[in-house]
Amino acid sequence: MTATAQSERIDLRLSHEMKERWERAAEIAGAPSVAGFVKMAVTERAEALLREHDSLTLSAEGSAWLLDFLREPVREPTPSMRRAAEMHRQLSRAAER
């Protein structure tokens, strides 16, 4: 951590039983403290959730469909696609104002 970096604090209220369980788990995990254990556990869970959220897993069938779709030659846009694109541009410009 750099000299200018600041850490933030999170306060939690736990039952006595929960605190004891966390202390025991921290000891088993070899964490230096309950706070260290909580940071480790929450970081691991956050990373797993973010990986899951930010990735897409396709079935074999879905993967084959996507590859076939990507292999198709690019088609010229139809008149309705051109109108939709123009409408999108106009709406985007209006939203920027």
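Sequence positions, counted from 1, serve as the residue numbers for this chain.
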Query - Side chain proximity check, Arg21 to His16, heavy atoms < 4.5 angstrom - result: no

Query - Derivation of the salt bridge (Lys or Arg N to Asp or Glu O under 4.0 Å) call for Glu86 and Arg89 - result: CA-CA 5 Å; Glu86 180 57 32; Arg89 278 191 290 276; 3.0 Å; yes

Query raised in the report: Do Leu56 and Leu50 belong to the same hydrophobic cluster, where Ile, Leu, Val, Met, Phe, Trp and Tyr are linked whenever their side-chain heavy atoms lie under 4.5 Å apart, directly or via other members?
Result: no

Query raised in the report: Do Met87 and Met81 sit in the same hydrophobic cluster, where Ile, Leu, Val, Met, Phe, Trp and Tyr count as joined when their side-chain heavy atoms come under 4.5 Å apart?
Result: no

Query raised in the report: What pairs meet the side-chain hydrogen bond (donor to acceptor under 3.5 Å, both in side chains) rule with one or both residues in residues 45-65, with sequence neighbours excluded?
Result: none

Query raised in the report: Quick one: CG on Leu14 to CD on Glu20, what's the gap to the nearest 0.5 Å?
Result: 11.5 Å

**Report entry** Salt-bridge contact Lys19-Glu23 (side-chain N to carboxylate O under 4.0 Å)
**Finding:** yes

Query - Salt bridge flag under 4.0 Å for residues Arg9 and Asp11 - result: yes

Query raised in the report: Would a hydrophobic clustering, with Ile, Leu, Val, Met, Phe, Trp and Tyr connected at side-chain separations under 4.5 Å, put Ile10 with Trp22?
Result: yes

Query raised in the report: For Asp68, which residues count as a salt bridge (Lys or Arg N to Asp or Glu O under 4.0 Å) partner, sequence neighbours excluded?
Result: Arg71

**Report entry** Closest heavy-atom pair and its distance - Ala26, Ser33
**Finding:** CB-O, 3.8 Å

Query - With sequence neighbours excluded, residues passing salt bridge (Lys or Arg N to Asp or Glu O under 4.0 Å) with Glu72 - result: Arg75

Requested in this report: Give a yes or no on whether a salt bridge exists between Glu44 and Lys39, defined as a side-chain N under 4.0 angstrom from a carboxylate O.
Outcome: no

Query raised in the report: In terms of hydrophobic clustering (I, L, V, M, F, W, Y; side-chain heavy atoms under 4.5 Å; direct or indirect links), are Phe37 and Ile28 co-clustered?
Result: no

Report task. List the atom of Ala31, the atom of Gly36, and the distance in Å for their closest heavy-atom pair. Result -> CB-C, 4.3 Å

